[in-house]
Amino acid sequence: MIKIALTGTTGAMGGEVLLHLLQSSENFFVKCILFDEEKKLPSFVKKTFKKYPSRIQAFKGDIANYDDCEKLIEGADYVINCASKIPPKSDHDPKGTYLSNFIGTKNIVDAINASGREIGYVHIATVAMYGDRSYPTCWIRVGDPVISSDYDYYSLYKLKAERYVLESGLKKFVSLRQTAVLHKYMFTNNLKDGLMFHTTWNGTLEWVTDCDSGRLCTNLVERDVNGGLEGFWNKIYNIGGGSECRVTGFETFEQCFRLAGSKTKKIFNPNWNITRNFHGGWFYDSDDLENLLGFRSETNKDFWHRMSKKYSYFKLGGVVPSPLLSKFAIQRLFKNTNSPMYWLKHGKDGRVKAFFGGREKYEQLPSDWENFPLLCEGKLTDGTQIDYAEYKNIQNAKPYLLDHGYDESKPLEELEYSDLQQAAHFRGGKCLEKDYKAGDIYKKVDWQCKEGHTFSTSPYTVLKGGYWCPHCCEPKPWQYGRLSDIPFYGQVYFATHGKDEICDVYPLSEDEDDFLIER
């Protein structure tokens, strides 16, 4: 019997992982840690528990408690860590996000190391760690700079968590950077919070469905048990749905509202949504994981078809007039504290600056769609036009890839001190390990940043993790502009910011931000 410890069971991805594991093989036994009582579980998870009672062990606990993590991993062959406080909940609860996204991961990793056993640890990271990747930086790959968006507690602590995994000395781990997930709880979640206004119309998204994410983790365990994952472990991969799942924010809304018999332009005004400082992108390397694990079975179109059968209001298609749908489903969320309309009305100037570039730039936004440039229609914000289909074609993506600052044609195992020094220079610093031996990519070496901080971290963490100085690259409060003179970061920052913003500090505007600065 293969024993798998699973966290995040009540979430969109964790619940699907649980179901797919149990459906896949009678040889899989799943041990779950539940933050809430079983009676509070989503109905989907309750049904899974009821269907497979002999192969599930669940106990109430909290991964922020180390003793509970020791109990969770006891006897486990694999640990799949799907637990995470995600937006919109993370936007309202920085402390809980810190405990769930960082401390929980740290406790699990420490418990695995303390056990003295080789346990396969599967860490679920996020595309949000790449920050805002607007045109022309939409194409993402492993090794790109990782840095959270301003005010994004979710990605801030996911970054700390993944870095801890990479530097922990675990013998058998993998970090999977999950893209945006199309899941069964999307509608109820989004209709309760202003988060829906955080999707930029021209932001790029490569979705994956909840079912495919569950299948991915199941295939991972199955293939490893059968000896079919040689060379897979101790690396980072991007999870994406592939070419059929690459769209913009506007196209995502359009796919949804089309099922309701309406159109985005009839329900939203273009200046209701932020213009920058979110996250998302198209994964240039997402097929790497698909080639290894063969998990894709659904496209965006398949998902929306599935949702149209699940939710009765889609069957009303066109019965409810668009103005009423806009007023009672969308505009009512203007009062939510996570809404840009709330920030504008209540003087949350830090957030207005971070997400729009300032009140003046917000007021310059067109309020009608006729004058609003949409990337999916081939229109750029500077008034020029592009062939959107050509830009979206991965065969044309190479010119848009970010520079990583070293010769990537050489295998990592063949990189020498001169290569590390070249990468460090592109990051504004130095590699201090002159005696570095080619092949020691997981061995910690000494580096120095432009501010003179010295730190010890592995070449893999720097070159493939996309990390750099732990002192400078987690600015608190929010002041990422100070990294823009580092070429590695500047190539992302200046896609959405002007040079006049590099000294900006977005103010701490809420009591809970005091918790952030203490970290």
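This one's a predicted model, so the numbers in the text were calculated from it and none came from an experiment.
A distance of 6.0 Å or more separates the ring centres of Tyr489 and Trp468. Between Trp201 and Phe253, the gap from one ring centroid to the other is short of 6.0 Å. Ring pair Tyr400/Tyr391: centre-to-centre distance below 6.0 Å.
Taking CG of Asp302 as the reference point, atom OG of Ser297 lies at 7.5 Å (rounded to 0.5 Å). Remark: Asp193 CG to Ser339 OG distance equals 9.0 Å, nearest 0.5 Å. Arg427 CZ to Leu483 CG: the interatomic distance, rounded to the nearest 0.5 Å, is 13.0 Å. With values rounded to the nearest 0.5 angstrom, Asp77 atom CG is found 8.0 Å from Ile119 atom CD1. To the nearest 0.5 Å, the span separating CZ on Phe488 from NE2 on His404 amounts to 6.0 Å. With rounding to the nearest 0.5 Å, the separation of OH in Tyr442 from CD in Glu413 is 7.5 Å.
Judged purely by distance below 3.5 Å, without hydrogens or angles, the side chains of Tyr154 and Asn101 never pair a donor atom with an acceptor atom. Side chains of Asp407 and Ser409: a donor on one and an acceptor on the other come within 3.5 Å. A side-chain donor-acceptor contact under 3.5 Å links Asn238 and Tyr130. No donor-acceptor contact under 3.5 angstrom links the side chains of Asp419 and Tyr436, judged on distance only. A donor atom on one side chain and an acceptor atom on the other are found under 3.5 Å apart for Glu162 and Tyr467.
Note on residues 211-228: pairs passing salt bridge (Lys or Arg N to Asp or Glu O under 4.0 Å), not counting sequence neighbours, are Lys172-Asp224, Asp212-Arg215.
Although no hydrogens or angles enter the test, the distance criterion places no donor-acceptor pair under 3.5 Å between the side chain of Ser155 and the main chain of Ser148. Asn219 places a side-chain N or O within donor-acceptor distance of the main-chain N or O of Gly294, the cut-off being under 3.5 Å. Under a 3.5 Å cut-off, the side chain of Asn113 and the backbone N or O of Ser168 do form a donor-acceptor pair. Here the side chain of Ser262 pairs no donor or acceptor atom with the backbone of Arg258 at under 3.5 angstrom. Without hydrogens or angle criteria, Arg276 side chain to Ala354 main chain gives a donor-acceptor distance under 3.5 Å. Side chain of Thr137 to main chain of Val492: no donor-acceptor pair is present (N/O by atom type, distance under 3.5 Å, no hydrogens or angles). Between the side chain of Asn300 and the backbone N or O of Trp207 there is no donor-acceptor pair closer than 3.5 Å. Side-chain atoms of Glu254 come within 3.5 Å of backbone N or O of Thr264 as a donor-acceptor pair. At least one donor-acceptor pair closer than 3.5 Å links the side chain of Ser25 to the backbone N or O of Asn27. Under the 3.5 Å distance criterion, the side-chain polar atoms of Asn107 are matched with a main-chain donor or acceptor of Ala64.
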Next item on the list: Take Ile236 and His123 through the test side-chain contact (heavy atoms from CB on, under 4.5 Å) and record every step on the way to the result.
Entry: CA-CA 9 Å; Ile236 299 168; His123 182 73; over 6 Å; no

Check: Hey, mind stepping through Leu402 and Arg133 against side-chain contact (heavy atoms from CB on, under 4.5 Å) and telling me if it holds?
Finding: CA-CA 11 Å; Leu402 298 187; Arg133 297 294 296 271; 3.3 Å; yes

Next item on the list: Show your reasoning for whether side-chain contact (heavy atoms from CB on, under 4.5 Å) applies to Leu292 and Leu220.
Entry: CA-CA 9 Å; Leu292 287 165; Leu220 189 162; over 6 Å; no

Margin query: Would Val127 and Phe283 count as a side-chain contact (heavy atoms from CB on, under 4.5 Å) here? Give the steps.
Written below: CA-CA 9 Å; Val127 65; Phe283 285 146; 3.6 Å; yes

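Within a 6.0 Å sphere centred on NZ of Lys263, other residues, nucleotides and ligands contribute 12 heavy atoms or fewer.
The pair Glu244-Arg296 does not count as a salt bridge, with every side-chain nitrogen at least 4.0 angstrom from each carboxylate oxygen. Contact check on Asp210 versus Arg306 returns a salt bridge, with a Lys/Arg side-chain nitrogen under 4.0 Å from an Asp/Glu carboxylate oxygen.
Judged by a 6.0 Å distance limit and a 45° cone about the ring axis, Arg141 is not positioned over the six-membered ring of Tyr284.
Partners of Lys265 under the salt bridge (charged side-chain N to carboxylate O under 4.0 Å, His left out) rule, at least two apart in sequence or in another chain, are Glu377. His279 is linked by a side chain to side chain donor-acceptor pair (under 3.5 Å) to nothing, counting only residues two or more places apart in sequence or in another chain.
Aromatic ring pairs are classed by plane angle as parallel below 30°, tilted from 30° to 60° and perpendicular above 60°; the pair Phe197 and Trp272 is perpendicular.
In this structure, the side chains of Asp440 and Pro459 stay at 4.5 Å or more apart for every pair of heavy atoms. With contacts defined as side-chain heavy-atom distances shorter than 4.5 Å, the pair Arg177/Tyr237 does not qualify. Val17 has its side chain within reach of Met13: a pair of non-hydrogen atoms, C-beta onward, lies under 4.5 Å apart.
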